[in-house]
There are 2 protein chains.
Amino acid sequence: MDQSRQDPAPDPAVKRLSLYLRQLESLHRRDVKTVSSRQLGESLRFTDAQVRKDLAYFGQFGHPGIGYTVVELIAQVRHILGTDKVWNVVLIGAGNLGRALAAYKGFTAKGFCLVAVFDNDVSKVGRKVGSFAVQPLAELEATVRKHAVRMAMMAVPADNAQDVADQLVTAGVRGLLNFAPVSISVPADVAVNAVDLAVQLEQLLFQVNTSAASKKSPG
Amino acid sequence: MDQSRQDPAPDPAVKRLSLYLRQLESLHRRDVKTVSSRQLGESLRFTDAQVRKDLAYFGQFGHPGIGYTVVELIAQVRHILGTDKVWNVVLIGAGNLGRALAAYKGFTAKGFCLVAVFDNDVSKVGRKVGSFAVQPLAELEATVRKHAVRMAMMAVPADNAQDVADQLVTAGVRGLLNFAPVSISVPADVAVNAVDLAVQLEQLLFQVNTSAASKKSPG
DNA sequence: GGATGTGAATGCATTCACAGCA
DNA sequence: TGCTGTGAATGCATTCACATCC
C-alpha cells in the first residue's frame, strides 16, 4: 500500500512527524520554498540529525545540497500520517470541553470532519452544539456505520469513560482520543490516545519547581 | 530541601508519576489500603519493574512483602510533584477552549487555583467567564505579582501565541501550558508544556491506520 | 560549499533477575 | 510466600561522522 517501508518505524519518530508538518505548513504560509533539516528542527529544539533520521524512516524526501522542498515534504508527510484524506470523527460529551472541541477550527484545518455529537445526559440531548443536535448514545452505532467513522473524541466524566469506550468499540470505532482523567481498557486492535489536562499542568508544575525547565515537550 | 535525591531523576519517570497518582487516588476512593507495583502498573500497561524503579528514584516508599500503602504513597507523590500545596494559575484566552478550561473541575481537584482570565480581544474584555471578569493583558503583571502566579495556561490563537508568551515571561511567569498550535520560544529558565489537540488526533489517526494499535500513551 | 542519508557509536530507559526483608 | 529495591543486562533512540551528491 505504501512505498518504502524499511524498519518498523520507531514510535517517537511518528510523534515528531506531526510537529514537522506543523512547522512546514507555517513555512509554506510564509512562502518559504525549501528548508534544511537544521532549520526544520531548530525551533522545535531537535538536532538536524534527528530530523533527517526521522524522515528517512519513511523514504528519501530530501535533495542533497538543497534540503527539502516544502510543498513536496508536506505532501509526503500528510500521506504518511493519512491526513491527505478526510476522516470522519464523532464526539462524545457535550459539556464545556466537548463544546469547545466541537468548535475547534484546528481539526477541520487538518482534514478531520466532525459528523455527530453524542451525550447520554437527557438535559443535553437535542440541544444544539454548533450545527449539531446532540444525540443519545443509542444512535451511535448507526451513525458510525453511516459515516464510516473510525475515530472518536471522548470528553465525558471519568465515571462514564470506560462505559462509553466500550460502546464506541462495539460500534466499530478503532481509535479513541480520551480526555477523561482515567485510563481505559480497550481490545488490542483499538488505539487510545489520552489527553489529561490536569496531568499536563501537574507535570508543568514539577518542571517549574525543579526549574530545570526548558527541556522536553516542545511545541 | 527534599529528602532522598540520588540520580537526576529521568524525565519519562516523572511523566508516569502523575499517572500513578491518578491511579492511587482512584484506589483510595475505593478504600483500597495497599497496592503492589504490579497492580499499580497493570491498567496503565506498565511492568511492575518499571513502577518500582520509577518510585525508587525518589525514595523508598514500599514495604517488602506488602506493597505500597495507598495513602502514604499518595502523600509522597504529591510532595514530589508539588501538588501538596496550592498553586495559583492564570488563563490567557477567553475563547471556546479558554472558557472550557476555566470551568474544568479537574484543575481545582489537583490543587490548582485559577485567579484571573485575560484576553486582548476588546469584545471579550469585561465579559464574565465563570466568576471572573476578563481582563486586558495590560493588567497581567500586577495580577501575577499580587497572587504570586508561577504558571499560565495559554488558549490563544496561533498568531498571538509568541507575543503572549513573551508578555507572560516578562510578567514573571515561570511555566506555560500552551494550547496554541505553534511552538513558542522562551528563555531557558522557563518551562513550556505543549498540548496540540489537532496533533493528538493526527497521531491517533496514524495508529489507527497502521492498526498496530494498543501501544503507547496509556491513560 | 552545503546538504542529505546512513552505518557505527554512544547514551539512556526498560527489563531482568535476585538479594533481602516481612 | 510475596513483594520491594537495585545492580546488571538488554534494547532502543539519539547523536556522530562521513560517503555521497547537487
Side-chain angles (χ1 to χ4, degrees), chain A residues 3-20 23-24 27 32-42 44-70 72-73 76-77 80 203 212 215-218, chain B residues 3-20 23-24 27 32-42 44-70 72-73 76-77 80 203 212 215-218:
Chain A
Q3 61 251 44
S4 59
R5 171 178 309 125
Q6 25 196 105
D7 281 299
D11 199 82
V14 176
K15 290 187 67 176
R16 286 189 294 266
L17 222 48
S18 296
L19 300 176
Y20 298 146
Q23 291 296 113
L24 288 164
L27 291 168
V32 177
K33 301 303 183 193
T34 69
V35 65
S36 70
S37 55
R38 168 182 287 273
Q39 294 167 330
L40 187 50
E42 67 186 0
L44 295 164
R45 312 217 200 189
F46 300 145
T47 67
D48 54 343
Q50 179 83 81
V51 174
R52 290 200 300 279
K53 183 138 286 202
D54 284 348
L55 295 173
Y57 278 116
F58 301 97
Q60 308 213 147
F61 308 133
H63 306 280
I66 307 291
Y68 302 85
T69 75
V70 173
E72 207 175 283
L73 191 52
Q76 294 282 5
V77 175
I80 294 163
Q203 287 168 7
K215 294 175 73 175
K216 282 295 146 45
S217 30
Chain B
Q3 61 251 46
S4 59
R5 171 177 311 120
Q6 24 194 108
D7 282 298
D11 199 81
V14 177
K15 292 187 65 176
R16 285 187 295 266
L17 222 48
S18 296
L19 300 177
Y20 298 147
Q23 290 296 113
L24 287 164
L27 290 168
V32 177
K33 300 303 182 193
T34 70
V35 65
S36 70
S37 56
R38 169 184 286 273
Q39 293 167 331
L40 187 50
E42 66 185 1
L44 295 165
R45 309 218 202 190
F46 299 147
T47 65
D48 54 343
Q50 179 82 81
V51 174
R52 289 199 301 278
K53 183 139 284 200
D54 284 347
L55 295 174
Y57 278 115
F58 301 96
Q60 308 212 148
F61 308 134
H63 306 280
I66 307 291
Y68 302 85
T69 75
V70 173
E72 206 174 286
L73 190 53
Q76 293 283 5
V77 175
I80 294 163
Q203 287 168 6
K215 295 175 72 176
K216 283 291 147 48
S217 28

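No hydrogens, no waters, no symmetry mates; every other heavy atom, side chains included, goes into these values. Every chain is numbered from 1, with letters handed out A, B, ... down the list of sequences. Because the structure is predicted, anything quoted here is derived from the model rather than measured.
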[X] [atom1] to [N] [atom2], straight-line distance once rounded to whole Å:
X     : N      : atom1 : atom2 : value
B/L55 : C/dT14 : CG    : P     : 13 Å
A/R45 : D/dT14 : CZ    : P     : 17 Å
B/E42 : D/dC3  : CD    : P     : 12 Å
A/F61 : D/dC22 : CZ    : C1'   : 20 Å
B/D48 : D/dT6  : CG    : C1'   : 13 Å
A/D11 : C/dA13 : CG    : C1'   : 15 Å
B/Q76 : D/dG5  : CD    : P     : 11 Å
B/Q60 : D/dG5  : CD    : P     : 6 Å

| request: Output, in order, the C-alpha distance, side-chain angles, deciding distance and verdict of side-chain contact (heavy atoms from CB on, under 4.5 Å) for A/Y20 and A/L55. | output: CA-CA 9 Å; A/Y20 298 146; A/L55 295 173; 4.3 Å; yes
| task | State which of D/dT4, C/dG5, D/dT14 makes the closest approach to the side chain of B/S37. | result | D/dT4
| field | Atom pair NE2 (B/H63) and OG (B/S36), whose distance is rounded to the nearest 0.5 Å | value | 13.5 Å
Please tabulate the protein-to-nucleotide N/O contacts below 3.5 Å involving nucleotides 16-22 of chain C, giving atom names and distances.
from: C/dA17; atom 1: N6; to: B/R52; atom 2: NH2; distance (Å): 3.3
from: C/dA22; atom 1: O4'; to: B/P64; atom 2: O; distance (Å): 3.2

| request: Mark yes when over 12 heavy atoms from residues, nucleotides or ligands other than B/R16 sit less than 6.0 Å from its CZ; otherwise mark no. | output: yes
| said: Once salt bridge (charged side-chain N to carboxylate O under 4.0 Å, His left out) is applied, do any residues pair with A/K15, and if so which ones, sequence neighbours excluded? | reply: none
| note | The side chain to side chain contact (heavy atoms under 4.5 Å, CB included) partners of A/S18 (sequence neighbours excluded) come to A/L81, B/V199, B/E202, B/Q203
| message | So, does A/Q50 get its side chain near the phosphate of D/dT15, meaning an N or O under 4.0 Å from OP1 or OP2? | response | yes
| Taking OP1 and OP2 of C/dG5, is either one under 4.0 Å from a side-chain nitrogen or oxygen of A/Y68? | yes
| said: Test of understanding: with side-chain hydrogen bond (donor to acceptor under 3.5 Å, both in side chains), list the residues that count as partners of B/T69, not counting sequence neighbours. | reply: B/E72
| Pairing residues for B/Y68 by the side-chain hydrogen bond (donor to acceptor under 3.5 Å, both in side chains) criterion, not counting sequence neighbours | none
